[in-house]
Every structure is written in structure tokens, then in C-alpha cells.
Amino acid sequence: MTTTQTLSPSHTHPNNEIIYPQGEFWSDEPPLETNLHLTQIILLIKCLEWLWQDREDYFATGNLTIYYSPNQKKSEFFRGPDFFVVLGTTRNPKRKSWVVWQEEGKYPNVIIEILSDSTAKTDREEKKEIYQNTFRTPDYFWFEPYSLEFEGYTLIRGKYQPIEPNEQGWLWSEELGLYLGIYEDKLRYFSANGELIPTPEEAAIQQKQQKEYERQQKELALQKIAELTARLRELGINPDENL
């Protein structure tokens, strides 16, 4: 026998009550505005990871929520920088967010915001104040990927002071030990002696080109030796004989 059941309204309409996850803290950041913003963040992460591939004492990520409530609540006091680096920690890639009270009270050492029409005012004012007064982040930069606006600040006696650009227009980050500057309309890292820090793909191409150059130089050297040997034989000298 088949029994029919009449569903109550609670079964026919979805429950719109927001249920917050318990336990782990997940990142709660809005989507990035354009693909250019995403590309820039990935570029910053990839280049630093390549440069510091032998290091395990840092964490670099992008578009991840930082929870910093003094009451240890995820529902209050949180911000999500577009890119940040924490030094003196672990590279644990399984983090779903950065929870300050679970990370020995550590805040980012470097923050970079990628400006957009909807976030620029907040990044220049509200976030800058939070990063200065609450996070005490030593180096703060922002970059606009369309207009190429680029500014940087370093914390001196508790206040952000503008970082003076060098002759190339690059800004020095004492925390990273690197310059940041614009190269081919992207924000990139440069070493203290001015070398561009490559992406893994660029590094692979450079390595291939270097090997090809070394191969060509070896072939050229062997060719010169062969020519010299032939010339000596023409002169009646046997280069294979011991002197």
C-alpha cells in the first residue's frame, strides 16, 4: 500500500537563516573585480615562492581573510588584503584564513593592495589606518593595474612614511629585502642589485637559454681547437706528440 505524505510549509520553502560554520575559520573575501587583479596577485605569489623556494619560514598568499578580533571571534574585526607576507612562520598551504590568535599573534610584515574603482578609497584610507595602527605592518604598498598608480609606505615610529623611489621608480621593501617596481605594466620584484625576479616559467626559459649558450660556446671552442690542430699539422708539427 502506498502512503502519501503532505509536506508542511517548512519542507517546501528553503530555510533562509544563515548558518555559520563551526571550528575552522574560512576565508570570507569577495571575488576579485577583474582577471588583471587575479593575474597580478598570482604573479606576486609565484615570483616570491620561486625566489624563496628553499625557505620554510614565511607565508605568502592573496585574497585571504585575516581575523584579528581581541575577543577571538570570526564575526568581528577581519580584513582581507589582496596580497600579504608573514615572516617567521610556516608555509602551511592548508590555511583557510589567517587567524591572528592562532598564529602566535603575528600580523603581516608586508601588505599589497591591488586598487580598483570600488576599493581604492578604502585601501588608501581605512585599510591604511588599520594596517598602521592595529596590524603595525612594516611595509604597505598599493598598485592600480590600469592606471599603474603605485605607492608604498614604511612604518617609522608608529606612522606610515612614504617610501622614496629610486632612479627606476622602484620602492624598497626592507622586510622582503627586495625592490617593488613596474615592469611591462605589472608589479614585479627586483633584487638589491636590480635584477628582475623571474616567474618559474621565466626562470626555466632563462635556464634553457643559458644551456644553449654554453653548448654553443663549447662547440665554438672545439672548432677553434680543431682548426689550430689542422694548422699545426700543415706546418709539420704533430700536436699529439709530447714535448
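Keep in mind that the numbers below use all heavy atoms, side chains included, and drop hydrogens, waters and symmetry copies.
No cation-pi contact links K128 to Y160, judged by a cut-off of 6.0 Å to the six-membered ring centre and 45° from its axis.
Taking the charged nitrogens against the carboxylate oxygens, E234 and R231 do have a contact shorter than 4.0 Å, which makes a salt bridge. Salt-bridge annotation for R124 and E151: absent, with no side-chain N of the basic residue lying under 4.0 Å from a carboxylate O of the acidic one.
For N92 and T90, the side-chain atoms include no donor-acceptor pair closer than 3.5 Å.
To the nearest 0.5 Å, the span separating CD1 on I45 from CD on Q40 amounts to 10.5 Å. Taking CD of E144 as the start and OG1 of T119 as the end, the distance is 8.5 Å to the nearest 0.5 Å. Here the NZ-CG distance, from K186 to L148, works out to 9.5 Å after rounding to the nearest 0.5 Å. The OH atom of Y68 lies 10.0 Å from the CD atom of E76; values are rounded to the nearest 0.5 Å.
In the hydrophobic clustering of ILVMFWY residues, with side-chain heavy atoms under 4.5 Å counting as a link, I41 and W52 come out together. A single hydrophobic cluster is not seen to contain both L178 and L43; linkage of ILVMFWY side chains at heavy-atom distances under 4.5 Å, directly or through other members, places them apart. Placement of Y146 and Y183 in two distinct hydrophobic clusters is found when ILVMFWY residues are connected by side-chain heavy-atom separations under 4.5 Å, directly or transitively. Placement of W50 and L180 within a single hydrophobic cluster is found when ILVMFWY residues are connected by side-chain heavy-atom separations under 4.5 Å, directly or transitively. In this structure, L44 is not a member of the same hydrophobic cluster as L36, with clusters built from ILVMFWY side-chain heavy atoms closer than 4.5 Å.
Nearest approach of L155 to T137, heavy atoms of both residues: CB-O, 4.1 Å. The two residues G80 and K127 make their nearest non-hydrogen contact at O-NZ, 3.5 Å. In plain terms, the two heavy atoms of L87 and V85 that are nearest each other are CD2-CG1, 3.9 Å. F84 and I111 get closest at one heavy-atom pair: CB-CG1, 4.0 Å. Heavy atoms only, all atoms of each residue included: F59 and R95 are closest at CD1-NH1, 3.2 Å. Contact detail for L171 and G152: the closest heavy-atom pair is CD1-N, 3.3 Å.
A donor-acceptor pair under 3.5 Å is absent between the side-chain atoms of Y67 and the main chain of Q72, judged by distance alone. Side chain of D82 to backbone of I114: a donor-acceptor contact under 3.5 angstrom is found. The main-chain N or O of L115 is never found under 3.5 Å from a side-chain atom of E113 such that the two would form a donor-acceptor pair. With hydrogens and angles disregarded, a donor-acceptor distance shorter than 3.5 Å links the side chain of R91 to the backbone of R55. Not a single donor-acceptor pair under 3.5 Å links the side chain of E103 to the backbone N or O of W98. In this structure, the side chain of D139 does not engage the main chain of S173 through any donor-acceptor pair within 3.5 Å. Proximity of a side-chain donor or acceptor of T65 to a complementary backbone N or O of S97 within less than 3.5 Å is not detected. No donor-acceptor distance shorter than 3.5 angstrom exists from the side chain of E49 to the backbone of K46, with no hydrogens or angles considered.
For CZ of F77, the number of neighbouring non-hydrogen atoms (other residues, nucleotides, ligands) closer than 6.0 Å is 12 at most.
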Exercise. Show your reasoning for whether side-chain contact (heavy atoms from CB on, under 4.5 Å) applies to T199 and R188.
Key: CA-CA 10 Å; T199 64; R188 300 291 297 268; 4.0 Å; yes
Quiz item: When you look at V110 and Y140, which way does the side-chain contact (heavy atoms from CB on, under 4.5 Å) test go after all the steps?
Solution: CA-CA 6 Å; V110 178; Y140 175 45; over 6 Å; no
Self-check item: side-chain contact (heavy atoms from CB on, under 4.5 Å) evaluation trace for F143 with I182
Solution: CA-CA 9 Å; F143 173 65; I182 299 171; 3.8 Å; yes
Exercise. Just do the side-chain contact (heavy atoms from CB on, under 4.5 Å) check on Y189 and L176 with the steps written out, would you?
Key: CA-CA 9 Å; Y189 306 108; L176 298 178; 3.9 Å; yes
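P81 has its side chain within reach of Y131: a pair of non-hydrogen atoms, C-beta onward, lies under 4.5 Å apart. Between F141 and L187 the shortest side-chain heavy-atom distance does not fall below 4.5 Å.
F135 has its ring centre less than 6.0 Å from the ring centre of Y107.
Residues meeting the side chain to side chain donor-acceptor pair (under 3.5 Å) test with W142, sequence neighbours left out: E149.
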